[in-house]
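Letters A, B, ... mirror the listed sequences (proteins, then strands); counts begin at 1.
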Amino acid sequence: MPFFADLQWRGLVHQTTDPALGAWLAEKPRTFYVGFDPTADSLHVGHLLGVMMLRRFQRAGHRPIAVVGGATGMIGDPSGKSAERNLLSKEQLQLNIDGMKRQMEQFIDFDESQPRALLLNNFDWTGPWSYLEFLRDIGKNFPVNVMLAKDSVKGRLGRGDAGDPQAGMSYTEFSYMLLQAYDFVHLHDRHGCELQAGGSDQWGNITAGIDLARRMRGAHLQGFTWPLLTKSDGAKMGKTESGAVWLAAERTSPYAFYQYWFNVDDADAANCLRLLTELPQAEIEALDAARVADAAKRESQRRLAEELTKLVHGEAGLTAAKQATDIFFGAEISSLSDKELGQIFADVPSKDLPAASLQGAGLPVIDALVEAGLAASKGEARRTVTQGGAYVNNRRVDGVDAALTPASLASETVVVLRSGKKKYALLRFA
RNA sequence: GGGGAGUUACCGAAGCGGUCAAACGGGUCAGACUGUAAAUCUGAUGGCUAUGCCUUCACAGGUUCGAAUCCUGUACUCCCCA
């Protein structure tokens, strides 16, 4: 299947500036760019579509450019936001940009491949502008009535009222689209970039760039958007009770990342496979059929989790995630080493206690649950045990009087406690 | 400024002198079922050295053998009139 037709089949194409974009791309290798907001020092699931898009283009022989918004990040993109944004400090921005760079390198080849990918920071060309120059050269090309008509602006106007000073929109945010628009012109000048893509909320910013390039250079540039990644219930993909799902292993462990995708609703599986993986059409359709036939097997979710974990955390990360999964949902834990347990339970809270507390009558399980933070009080711990929800090394505790002794150690110094189905904690006796 | 209503556990909301650690609903936590899902069902839900003890019903005092419940003052919230 031709490259762009494949994107369309996957549902990755929402709006385009030109219905014949596929043919245009097939003519010759094009330079293509996607912008990223440096809001944190790690990418999260919300960035995945964009990063994957760069990767897809590179693999199809086009040249991808990732633009990190060092300049625009200082302003704050109003698109899709309901309130004025907090501005980030320059130092924080630099940290964020560095972190995001490292992660993108896993997806995109910045070195050897022929159509060499680039990672640029728009502060490099936006920073030197003086305000007057900017107004004369860039601002002159933006009719205010056109700017006011953009959805990102329209949605925010009229909201300002005395009761909520955060409503409405500041001049700073209003100027955001000028900066992003100029990015496109600059990339066209310096790198021959002709195509920009972004999430559907970026449509206004993309077309602003195309308009500016036409006015300033007489150039004819292209753009398209992909749909926002949402769940069947309308909620944003990649959000959990405990916050965003990150790509950085320090923020979201490979295990947690794997589990997130493994637990995707049946209704969302088809979409995720298409939008996020590189599996070929035939395989995705086979998975769809298998899911309809036997949803309980969750072949789609497993494949999704495997593909994405491998992509983000590598083979080793995937192996670790699957190993941890086996243990978490498996039988008793015993004869492992401290090191193995430490890796498997990387994001499980732990607490150090003196080894002596295991001696004699041992440490009552009730107390252990409280120490480990699995119960807020002894009463709660007692309740959990009584109801059969407490486990030591994945083995159910069968009485409130049970105690931990040296025999309870699952490895040299660690005991694995669990409350309920999935809440774990480690106790280290050193 | 004047008049009225209120303040109960994580949230909402009963209780109006003893039988109140406080009904009920939501949430939360466990259990069963299940596909590591959804729905459903069951139990639990102030603390503890636990058939008892201790600390809670805005805050501080008071009445009483006994108060979340009555009285006085303080703080805050809401409504009506100016």
Hey, which of A:F4, A:F57, A:W24, A:F3 is the one that makes ring pair (Phe, Tyr, Trp, His ring centres under 6.0 Å) with A:F32? A:F57
For B:G66 and B:C59, measure between their C1' atoms and round to the nearest Å. 22 Å
Mind checking who B:U74 pairs with, Watson-Crick or G-U wobble, both distances under 3.5 Å? B:A58
Now, which nucleotide makes the Watson-Crick or G-U wobble pair with B:G27, with each of the two distances under 3.5 Å? B:U45
Taking the side chain from A:R395 and the backbone from A:Y391, do they hold a donor-acceptor pair closer than 3.5 Å? no
Are the aromatic rings of A:H14 and A:W226 close, with centres under 6.0 Å apart? no
What distance, rounded to whole Å, do you find between the two C1' atoms, one in B:G15 and one in B:C20? 9 Å
Got a sec: does the CZ of A:R251 have more than 12 other heavy atoms crowding it under 6.0 Å? yes
If we take the P atom in both B:A14 and B:C70, what is their distance in whole Å? 15 Å
A:F329 CZ - B:A37 P separation (whole Å): 8 Å
Hey, which of A:Q202, A:Q180, A:Q222 is the one that makes side chain to side chain donor-acceptor pair (under 3.5 Å) with A:Q196? A:Q180
Complement of B:U69, any strand, by Watson-Crick or G-U distances under 3.5 angstrom: none
Closest approach to the side chain of A:R382, judged atom by atom: which nucleotide of B:C48, B:A50, B:U36 is it? B:A50
Which atom pairs link the protein and nucleotides 40-44 of chain B when you take only N or O atoms and keep those under 3.5 Å?
from, atom 1, to, atom 2, distance (Å)
B:G43, N2, A:Q387, OE1, 3.2
B:G43, N2, A:Q387, NE2, 3.4
B:G43, N3, A:Q387, OE1, 3.3
B:A44, O4', A:Q387, OE1, 3.3
B:A44, O2', A:R383, NE, 2.8

With rounding to the closest Å, how many angstrom separate the P atoms on B:C57 and B:G52? 23 Å
Any donor-acceptor N/O pair under 3.5 Å between B:U45 base and A:E380 side chain: no
Closest to the A:K423 side chain: B:A30, B:U36, B:G31? B:A30
Expressed in angstrom and rounded to an integer, what is the separation of A:D367 atom CG from B:C48 atom C1'? 12 Å
Taking atom P in both B:C81 and B:C11, compute the distance separating them and give it to the nearest angstrom. 33 Å
Mark yes or no for whether A:T225, through its side chain, and A:Q15, through its backbone, hold a donor-acceptor pair below 3.5 Å. yes
Could a donor-acceptor pair under 3.5 angstrom be found where the side chain of A:D266 meets the base of B:G35? yes
Name the residue from A:Y260, A:F328, A:F329, A:F345 that meets the ring pair (Phe, Tyr, Trp, His ring centres under 6.0 Å) definition with A:Y255. A:F328
Could you tell me how far B:U55 sits from B:G6 if I compare only their C1' atoms? Round to whole Å. 26 Å
Distance check, P atoms only: B:G25 and B:A44, in whole angstrom units. 13 Å
B:A58 versus B:A9 - spacing of their P atoms, nearest Å: 8 Å
